[in-house]
Amino acid sequence: MHFFVRPYRRFPVCCSLTYQCGSFEGHGTVWNLSRRGWRFSGNLPLRVGEVCSLTVTLPPYQLVYVAAGIVRWVPDEEEYGIETLVADDESRDELEDYLTGRIESTEEPTH
């Protein structure tokens, strides 16, 4: 197994998602995410190198649609690591707003 440091901070979440690979649709849960990647589990099996699309609603009601993500790792038959390849501007903005809010909520106030 190769080791590398991710360039983006990951945040834990627990959100439902729908994902499509070809003409097949799967449902699952996003467990963590960053600006460039997602870790999720789902009922539609995926393989490393497959390209799929993902739709998730982040709290409170921010819809994020990834038009293309590539499967980078599969540690077991129901968990996947996806790198975001293509997302529209609105979805990128929604994700950025969500992550910025998470960063701000974890920062300690200075006195």
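Just so you know, these numbers use all the heavy atoms, side chains as well, and skip hydrogens, waters and symmetry mates. Given the structure is predicted, the values throughout are model-derived calculations rather than measurements.
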> What distance do E94 atom CD and L58 atom CG have between them, rounded to the nearest 0.5 Å?
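The CG atom of L58 is 8.5 Å from CD of E94, to the nearest 0.5 Å.
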> Just checking E83: does its CD atom have more than 12 heavy atoms from other residues, nucleotides or ligands closer to it than 6.0 angstrom?
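Enclosed: over 12 neighbouring heavy atoms sit under 6.0 Å from CD of E83.
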> Could you tell me if the side chain of Y19 sits less than 4.5 Å from the side chain of I82, heavy atoms only?
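Side chain of I82 against side chain of Y19, heavy atoms only: no contact under 4.5 Å found.
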> Does the R102 side chain pair with the main chain of P12, one donor and one acceptor, at a distance under 3.5 Å?
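Indeed, once roles are kept as given, a pair shorter than 3.5 Å links the two residues.
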> Show the nearest heavy-atom pair for residues L99 and L33, with the distance to one decimal.
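In this case the closest contact between L99 and L33 is CD2-CD1, 3.3 Å.
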> Working to the nearest 0.5 Å, report the span between OG1 of T100 and CG of L95.
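Taking OG1 in T100 and CG in L95, the distance rounds to 9.0 Å.
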> Taking atom types as modelled and ignoring hydrogens, do the side chains of Q20 and S53 form a donor-acceptor contact shorter than 3.5 angstrom?
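Side chains of Q20 and S53: pair found under 3.5 Å.
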> Hey, what do you get for OH (Y80) to CG (L46), rounding to the nearest 0.5 Å?
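The OH atom of Y80 sits 5.0 Å away from the CG atom of L46.
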> Does the side chain of P59 reach to within under 4.5 Å of the side chain of Y98, using non-hydrogen atoms?
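A side-chain contact exists here, since the closest heavy-atom pair is under 4.5 Å.
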> Transitively linked via ILVMFWY side-chain contacts under 4.5 Å: V86 with V30?
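No; tracing contacts between hydrophobic side chains, which count when under 4.5 Å, never links both residues.
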> If every non-hydrogen atom of C14 is compared with every non-hydrogen atom of T29, which pair is closest and at what distance?
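So the minimum-distance heavy-atom pair works out to SG-CG2, 3.9 Å.
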> Under the criterion side chain to side chain contact (heavy atoms under 4.5 Å, CB included), I'd like the reasoning laid out for E90 against Y65: C-alpha separation, chi angles, the key distance, then a yes or no.
CA-CA 9 Å; E90 185 176 347; Y65 175 67; over 6 Å; no
> Is there a side-chain contact between I103 and F11, using heavy atoms and a 4.5 Å cut-off?
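Yes; the side chains approach each other to less than 4.5 Å.
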> Is I70 reachable from V74 through a run of hydrophobic residues whose side-chain heavy atoms are each under 4.5 Å from the next?
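Different clusters: V74 never reaches I70 through Ile, Leu, Val, Met, Phe, Trp or Tyr contacts under 4.5 Å.
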> With side chains defined as the heavy atoms from C-beta onward, is the minimum distance between L54 and T84 less than 4.5 Å?
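Not in contact.
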> Test side chain to side chain contact (heavy atoms under 4.5 Å, CB included) on S16 and T57 and set out the steps.
CA-CA 7 Å; S16 296; T57 303; over 6 Å; no
> Between R10 and R39, which heavy-atom pair has the shortest distance, and what is it?
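So the two residues come closest at NH1-N, 3.6 Å.
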> Would you confirm whether E50, through its side chain, and R47, through its main-chain N or O, come within 3.5 Å as a donor-acceptor pair?
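Yes, E50 side chain to R47 backbone: donor-acceptor pair under 3.5 Å.
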> In Å and rounded to the nearest 0.5 Å, what is the CZ to CG distance from R36 to L85?
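These two atoms lie 7.5 Å from each other.
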> If hydrophobic clusters are built by linking Ile, Leu, Val, Met, Phe, Trp and Tyr wherever their side-chain heavy atoms come under 4.5 Å apart, do V48 and F40 end up in the same one?
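Yes: a chain of side-chain contacts under 4.5 Å links V48 to F40.
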> At what distance, to the nearest 0.5 angstrom, does CD of E78 lie from CG of L44?
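The CD atom of E78 sits 11.0 Å away from the CG atom of L44.
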